[in-house]
Every structure is written in C-alpha cells, then in structure tokens.
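Reading through the structure tokens given below for one structure.
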Amino acid sequence: MKKLPFFQGIEKKEKPTKNTLPTAWLSRVISFGIWVFLLILLGSSVLFLVRFGSITQTNEVLTKKLSALEKKTEQLQLTNQQSDNLDVFGRYFIQSYYTTDVKQDVYQKTVEPYFSKGIEVPNVGDGKRKKQIKSIQLWAKEWDGKTYHCTYLVHYSVDDGSRSELIHFQVGEEDGAYGVVSYPYIEQVSEFKTTAIPKIAQQKPDKVDPANEETQKAIKQWLNETFFPRYMESTNLDDVSYMMTTPVLLGSLQLYDGIDQLQVYPAKSEWDVYVTIRVIDRVTNARSKQEYSLRLAKKEDKYVVEALSHTLGGTMNDEEPTNEPSTK
C-alpha cells in the first residue's frame with residue numbers, strides 16, 4: 001500500500017475574510033452628515049442675521065430717540081433763557097408800575113414803554129402816594145401759544161403796615177423784546193382763584209349781530225350795580241357765590257368806578273359779554289382800566305357768570321351763536 005504524502009491527508013482551511021462596509025452605504029452616510037452640517041450652519045447664519053437685523057433696528061430707534069431728546073433739550077434751554085429774560089422784564093415793569101409818587105408826566109414816560117399800543121397808563125393823581133415795594137416774586141407763568149400769563153407776588157409797605165398782593169398781566173414776545181399786552185389787575189393773595197377761570201382766547205363772532213338794546217341795557221345795569229361792585233370790593237365769597245359758577249373775588253384792593261365800554265353778543269341760550277371797566281386803587285387813588293370777557297347766562301330769572309377772562313380775548317367756547325336768548 002502506497003503511503004500518501006503527509007499534506008494530502010490534511011483538509012485545506014480557508015482564511016477568514018474581514019468585515020467591510022459596502023461602499024455605497026458609506027457614501028450615503030457621509031453625504032447625510034455633510035447635509036446636516038450645512039443645515040446647522042445655514043440655520044445659525046439665519047439666526048445671526050435675524051438677531052443682527054433686530055439689533056440694527058433697535059439702534060436706529062435709539063438713535064432717533066436720542067436725536068429727538070437732543071432737540072427737546074435745545075428747545076428747553078432756549079425756553080429757559082427766554083423765561084429768565086421774561087422774569088427780568090416783569091420785575092422791571094412792576095417796579096415802574098408801582099412807582100406812583102411822581103408827577104403824571106414822569107409816570108407816563110416811565111411806564112408807557114412797557115405797554116403795547118392801545119393800553120392807557122394809570123392816572124396817579126397828585127402823585128403823593130406809593131406802595132413801597134419790599135420784594136417781588138414770580139408766582140405763576142403760563143404760555144397759551146400766543147402770550148405769557150404772568151403773576152407776581154408783591155410785598156410792599158404803606159403807612160399802616162406791610163401787605164402783599166398778586167399782580168396779573170400778559171406779555172407778548174417778538175424778536176427777543178417783550179411788551180405788556182393786557183391791562184394789569186391785582187388780587188388779594190388769600191383769595192387767589194385764577195386756576196378756576198377758563199382761559200379761552202377766541203376771536204369775537206364776526207357774523208353775529210349784537211344783542212338788542214333792551215338786553216344790553218339790562219346786562220349793563222346788572223354788571224354796574226351788582227356784579228362788579230361785589231366782585232371788586234367784597235371780601236366775602238358768599239356775596240358772589242350765587243352769581244358765579246366758580247365764585248372768586250379780587251379782595252377789595254381796588255374800587256369799582258363804572259363801565260367804560262360794553263358789547264353783548266348772543267351765544268345759544270347765553271351771552272358773550274366784552275366789557276371795559278374803570279377802577280381806583282384804594283391806597284394810591286391811581287385810576288386805571290381793566291378788560292373782561294364774560295359768558296353770561298340767566299337761570300331762575302337771575303344772571304350767572306359761567307366763565308370769566310381778564311381780557312377781551314374772544315368768545316368763551318366754540319359753539320356757534322344762534323337766536324338771542326330771552327331776557328325775561
């Protein structure tokens with residue numbers, strides 16, 4: 001028997017193969033990863049742009065607000081400067097206005113440059129009396145769009161002691177120069193009620209006929225005999241409480257001396273009354289004029305002042321006048 005070669009009796013064993021990923025599948029995995037990365041990058045870019053745009057927009061808004069604030073600051077600084085100049089003007093005017101212990105021609109030359117044309121300088125009479133000013137303080141100031149409403153507290157002395165009063169007047173401004181454009185009036189400090197008076201400045205009705213003669217006569221009589229004597233000379237608010245919607249007094253610092261001019265116009269169930277009166281200062285006997293606009297109504301057969309202004313500024317509201325109300 002032949003002997004077989006040694007290696008022929010042994011079975012051949014195959015070498016193990018390595019596990020490898022298919023090439024196509026690996027390519028897809030890589031592509032997917034790349035797309036995910038690109039999408040993340042794109043999303044981050046969009047988010048950045050949105051936030052950047054929002055920041056830019058916010059910066060623009062802040063820039064505009066800052067610019068507006070700077071303009072307001074400049075306007076405020078200009079207003080403060082004008083206000084300071086106005087205060088100086090007001091104090092000089094009051095010093096001159098209260099210097100009544102001089103002859104009339106001297107007083108006229110001193111005070112007249114402060115007034116606008118058409119306002120008469122008070123008559124100081126014998127020029128022997130004066131309110132000796134101790135101090136002047138700005139009490140209130142308000143801009144109505146056309147003029148400054150100025151109120152000063154004046155502390156002064158007379159023969160029988162010291163007193164205080166408020167003086168009111170309106171001031172216009174043009175090219176840095178000032179002028180008193182209304183008749184000044186004085187008021188007792190303890191009865192200061194100016195905030196309750198409607199401040200309405202409108203033109204007189206152009207196409208409305210004045211009230212009839214009977215109405216004007218009746219209103220003039222009531223103003224002359226009842227309202228102005230109590231409004232000017234009384235110190236008891238009850239004396240005018242029934243004839244004014246907002247009762248107020250001037251405190252008997254001046255005497256009422258009569259009506260100089262009067263105009264009455266119908267307005268719905270009321271009247272717009274424009275009146276210039278004469279007054280006398282109790283201390284100096286100086287004679288001057290004051291102007292008033294009144295909204296007058298008649299309730300329960302009695303006249304009632306529903307609104308009052310210390311100028312001939314115009315009607316008391318925007319209502320169109322209609323037929324004249326009855327005075328009966």
Side-chain angles (χ1 to χ4, degrees), residues 87 90-91 93-101 111 119 122-125 129-142 148-171 180 182-199 223-259 275-294 304-311:
D87 185 34
R91 293 172 187 272
F93 164 68
I94 292 172
Q95 288 282 1
S96 299
Y97 191 76
Y98 276 69
T99 305
T100 56
D101 58 342
V111 177
I119 297 180
N123 188 329
V124 297
R129 299 184 180 184
K130 176 184 178 180
K131 298 175 180 178
Q132 184 64 45
I133 293 179
K134 290 186 174 182
S135 66
I136 302 173
Q137 299 179 20
L138 179 63
W139 183 272
K141 179 183 62 182
E142 183 176 352
Y148 292 96
H149 295 249
C150 300
T151 303
Y152 283 85
L153 174 64
V154 181
H155 186 59
Y156 62 92
S157 62
V158 289
D159 295 338
D160 58 350
S162 299
R163 302 176 187 174
S164 295
E165 63 190 27
L166 296 173
I167 180 170
H168 305 261
F169 52 91
Q170 290 177 232
V171 177
V180 178
S182 69
Y183 281 100
Y185 69 96
I186 58 177
E187 180 181 4
Q188 186 176 347
V189 178
S190 59
E191 297 294 340
F192 182 71
K193 301 287 183 178
T194 305
T195 55
I197 299 173
K199 297 180 179 178
L223 292 174
N224 192 50
E225 297 178 1
T226 304
F227 176 71
F228 277 117
R230 299 187 184 186
Y231 176 72
M232 296 288 300
E233 300 177 15
S234 178
T235 57
N236 187 349
L237 200 61
D238 292 338
D239 290 340
V240 296
S241 60
Y242 71 92
M243 64 177 70
M244 301 183 74
T245 301
T246 305
V248 62
L249 294 172
L250 294 185
S252 193
L253 296 173
Q254 292 177 316
L255 297 172
Y256 171 68
D257 193 38
I259 293 177
V275 57
T276 304
I277 66 172
R278 300 183 300 272
V279 297
I280 303 174
D281 190 278
R282 283 186 178 274
V283 177
T284 65
N285 286 333
R287 297 173 180 268
S288 59
K289 293 182 180 181
Q290 294 179 6
E291 296 174 335
Y292 290 86
S293 294
L294 306 173
V304 177
V305 176
E306 295 190 334
L308 181 150
S309 175
H310 289 274
T311 66

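Counting begins at 1 with the first residue of the sequence. Keep in mind it's a predicted model, so treat the numbers as computed, not measured.
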- Donor-acceptor contact present, side-chain Arg282 to main-chain Ser252, <3.5 Å: yes

- Query: Under 3.5 Å, side chain of Arg91 to main-chain N/O of Ile136, donor-acceptor pair present?
  - Reply: yes

- Query: Which is it for Tyr152 and Asp87 under the side chain to side chain contact (heavy atoms under 4.5 Å, CB included) test, yes or no, and what are the steps along the way?
  - Reply: CA-CA 10 Å; Tyr152 283 85; Asp87 185 34; 2.8 Å; yes

- Message: Which heavy atom of Glu233 sits nearest to which heavy atom of Gln254, and what is that distance?
- Response: CG-O, 3.7 Å

- Could I get the full list of side chain to side chain contact (heavy atoms under 4.5 Å, CB included) partners for Ser182, not counting sequence neighbours? Phe169, Gln170, Thr311

- d(Ile259 CD1, Ile277 CD1) to nearest 0.5 Å is 8.0 Å

- Item | Test log, rule side chain to side chain contact (heavy atoms under 4.5 Å, CB included), inputs Leu223 and Thr226 | CA-CA 6 Å; Leu223 292 174; Thr226 304; over 6 Å; no

- Considering all heavy atoms of both residues, which atom of Ser162 and which atom of Lys134 are nearest to each other, and what is their separation? OG-NZ, 2.9 Å

- Query: Once you round to the nearest 0.5 Å, how far does CG of Leu294 lie from CD of Glu306?
  - Reply: 11.5 Å

- Message: Show, in sequence, the C-alpha distance, side-chain angles and deciding distance for Tyr156 and Glu165, and conclude whether the side-chain hydrogen bond (donor to acceptor under 3.5 Å, both in side chains) test is met.
- Response: CA-CA 8 Å; Tyr156 62 92; Glu165 63 190 27; 3.1 Å; yes

- Side chains of Tyr97 and Ile167: does their closest heavy-atom pair fall under 4.5 Å? yes

- Query: Are Tyr256 and Asn224 close enough that some pair of their side-chain heavy atoms sits under 4.5 Å apart?
  - Reply: yes

- For atom CG of Asp159, is the number of surrounding heavy atoms from other residues, nucleotides or ligands below 6.0 Å larger than 12? no

- What are the two closest heavy atoms between Asp257 and Ile280, and how far apart are they? CG-CD1, 3.8 Å

- Item | Closest heavy-atom pair and its distance - Glu187, Val248 | OE2-CG2, 4.4 Å

- Message: For Arg287, is the CZ atom crowded, meaning more than 12 foreign heavy atoms sit under 6.0 Å from it?
- Response: no

- Message: I'd like to know if the side chain of Gln290 pairs up with that of Tyr292 as donor and acceptor (distance under 3.5 Å, no hydrogens or angles considered).
- Response: yes

- Nearest 0.5 Å please: distance from the NE2 atom of His149 over to the OG atom of Ser309. 7.5 Å

- Item | Verdict with supporting geometry, Tyr98 and Thr284, side chain to side chain contact (heavy atoms under 4.5 Å, CB included) | CA-CA 9 Å; Tyr98 276 69; Thr284 65; over 6 Å; no

- Task: Can you see which heavy atom on Ser234 is nearest to which on Leu249, and at what distance?
- Result: O-CD1, 3.6 Å

- Item | Point-to-point distance, once rounded to the nearest 0.5 Å, from OG of Ser241 to CG of Asn236 | 8.0 Å

- Message: Could you tell me if the side chain of Val304 sits less than 4.5 Å from the side chain of Met243, heavy atoms only?
- Response: no

- Tell me, do Leu308 and Phe227 make a side-chain contact under 4.5 Å, heavy atoms counted? yes

- Message: Could you check whether any side-chain heavy atom of Val275 comes within less than 4.5 Å of a side-chain heavy atom of Phe228, counting everything from C-beta outward?
- Response: yes

- Query: Is it true that Asp281 and Lys131 make a salt bridge, defined as a side-chain N closer than 4.0 Å to a carboxylate O?
  - Reply: yes

- Note on the structure: Heavy-atom closest pair (Thr100 atom, Lys130 atom, distance to 0.1 Å) is OG1-CA, 3.4 Å

